[in-house]
Amino acid sequence: MYADDHQLYTVGCNANAMKAHLQLEAAKALAWYDDNYLMVNQDKFQLLMINPHNDDDRTSLTINADVIERSGDNSLLGVNIDQHLVFRKHISELCKKTSQRVGVLSRLRTLIPKEAKLLLYKSSILLYLTYCHLIWHFCKASVARKVERVQKRAVRIVYNTHSVEYSNLLNRANLYVAYKIGVYRISLP
């Protein structure tokens with residue numbers, strides 16, 4: 001089993017009631033692990049409160065005498081979820097990862113034909129830009145534009161041009177504006 005395999009969730013308006021509920025459910029889960037001869041690493045336990053009323057709240061949980069401090073964000077299946085659901089850190093990491101790949105594509109600019117560059121873009125860059133995009137898609141426009149800049153740079157490299165309008169390049173490549181993919185449609189091969 002991996003760290004992403006099990007999460008406990010609760011919803012409510014009262015932080016103390018949610019805390020008590022999580023502690024009860026965590027005790028049940030730990031008992032189940034113990035009954036089934038499974039070991040847990042409580043050092044990897046995390047507490048994330050989404051959209052708390054009081055940002056200064058230092059809520060923590062105590063499970064089996066271990067204190068789990070509240071964190072500001074949590075990575076779950078490759079998506080960094082923060083307490084305010086703005087996804088700023090996720091987008092930043094996403095842009096860094098894809099920008100490195102766009103740099104490689106740039107170095108190949110004159111060595112391979114545009115069809116091969118487009119295929120490389122769609123198979124090694126676009127997949128990151130669209131991975132779980134429905135989760136982070138509705139972040140602030142200023143944050144989402146960072147993703148669009150990466151795609152814009154990559155598409156210009158694929159077609160080796162800076163003079164053609166970006167929208168025309170997207171049409172040629174059968175692509176959509178990156179931060180609007182969830183709103184419109186996704187083109188499947």
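Note that this is a predicted model, so its numbers are computed, not measured.
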Any idea which heavy atoms bring Tyr131 and Leu77 closest together, and the distance? OH-O, 2.6 Å
Hydrophobic clustering (ILVMFWY, side-chain heavy atoms < 4.5 Å, transitive) - are Leu48 and Val11 grouped together? no
Measure the spacing between CG of Leu47 and CG of Leu22 and express it to the nearest 0.5 Å. 7.0 Å
Results of salt bridge (Lys or Arg N to Asp or Glu O under 4.0 Å) for Lys28 - residues two or more places apart only: Glu25
Distance under 6.0 Å and angle within 45° of the ring axis: does Arg156 meet both against Tyr166? no
Do Leu105 and Lys117 have side-chain heavy atoms sitting under 4.5 Å apart? yes
For Cys132 and Val79, the nearest pair of non-hydrogen atoms, with its separation, is CB-CG2, 3.6 Å
Following the transitive rule for hydrophobic clusters with a side-chain heavy-atom cut-off under 4.5 Å over Ile, Leu, Val, Met, Phe, Trp and Tyr, establish whether Leu108 and Leu119 coincide in one cluster. no
Is the closest side-chain heavy-atom distance between Lys96 and Ser99 below 4.5 Å? no
Is there a donor-acceptor pair closer than 3.5 Å between any side-chain N or O of Arg101 and the backbone N or O of Ser124? yes
Determine whether Gln151 and Leu129 make a side-chain contact, defined as any pair of heavy atoms from C-beta on separated by less than 4.5 Å. yes
Is there a chain of hydrophobic side chains (I, L, V, M, F, W, Y, each step under 4.5 Å between heavy atoms) that links Leu24 to Tyr9? no
Side-chain contact test, heavy atoms from C-beta onward, threshold under 4.5 Å: evaluate it for Asn80 versus Asn74 and give yes or no. no
Taking the side chain as C-beta and beyond, is there a heavy-atom pair between Tyr33 and Met39 under 4.5 Å? no
Please report the interatomic distance OG(Ser106) to CZ(Arg153), rounded to the nearest 0.5 Å. 6.0 Å
Backbone N or O of Cys95 within a donor-acceptor pair of the Thr98 side chain at under 3.5 Å? yes
Between CG of Asn174 and CG of Leu118, what distance do you get to the nearest 0.5 Å? 9.0 Å
Measuring from Met18:CE to Leu61:CG, what's the distance to the nearest 0.5 Å? 10.0 Å
Take Lys89 and Ser92 through the side chain to side chain contact (heavy atoms under 4.5 Å, CB included) test and state the conclusion after the steps. CA-CA 5 Å; Lys89 185 176 178 182; Ser92 178; 5.5 Å; no
Go through it in stages, so that I can follow the logic: the residues are Val102 and Ile157, the test is side chain to side chain contact (heavy atoms under 4.5 Å, CB included), and I'd like the CA-CA distance, side-chain angles, deciding distance and then a yes or no. CA-CA 8 Å; Val102 171; Ile157 288 168; 3.6 Å; yes
Check Ile63 against Ala26 and note the closest heavy-atom contact, atom names and distance. CD1-CB, 3.3 Å
Rounded to the nearest 0.5 Å, what separation is found between the CG atom of Leu38 and the CG atom of Leu30? 11.0 Å
Beyond-backbone contact of Tyr159 with Val164, side-chain heavy atoms, under 4.5 angstrom: no
Between Lys122 (side chain only) and Ala173 (backbone N and O only), is there a donor and an acceptor less than 3.5 Å apart? yes
For a side-chain hydrogen bond (donor to acceptor under 3.5 Å, both in side chains) check, start with the C-alpha distance between Gln83 and Arg70, then their side-chain angles and the critical distance, and finish with the verdict. CA-CA 10 Å; Gln83 63 187 356; Arg70 175 182 162 192; 2.5 Å; yes
Mind listing the closest non-hydrogen atom pair of Asp82 and Phe87 along with its distance? OD2-N, 2.6 Å
Measuring from Thr10:OG1 to Met49:CE, what's the distance to the nearest 0.5 Å? 10.5 Å
So does Trp32 get a backbone contact from the side chain of Asn36, meaning a donor-acceptor N/O pair under 3.5 Å? yes
Is it the case that atom NZ in Lys19 sees more than 12 heavy atoms from other parts of the structure closer than 6.0 Å? yes
Does the Thr130 side chain pair with the main chain of Leu126, one donor and one acceptor, at a distance under 3.5 Å? yes
Could you check if a side-chain atom of Gln7 sits within less than 4.5 angstrom of a side-chain atom of Leu76, using non-hydrogen atoms only? yes
Would you name the heavy atoms of Glu69 and Val67 that are closest together and state the gap between them? OE2-CG1, 3.2 Å
Transitively linked via ILVMFWY side-chain contacts under 4.5 Å: Tyr128 with Val147? yes
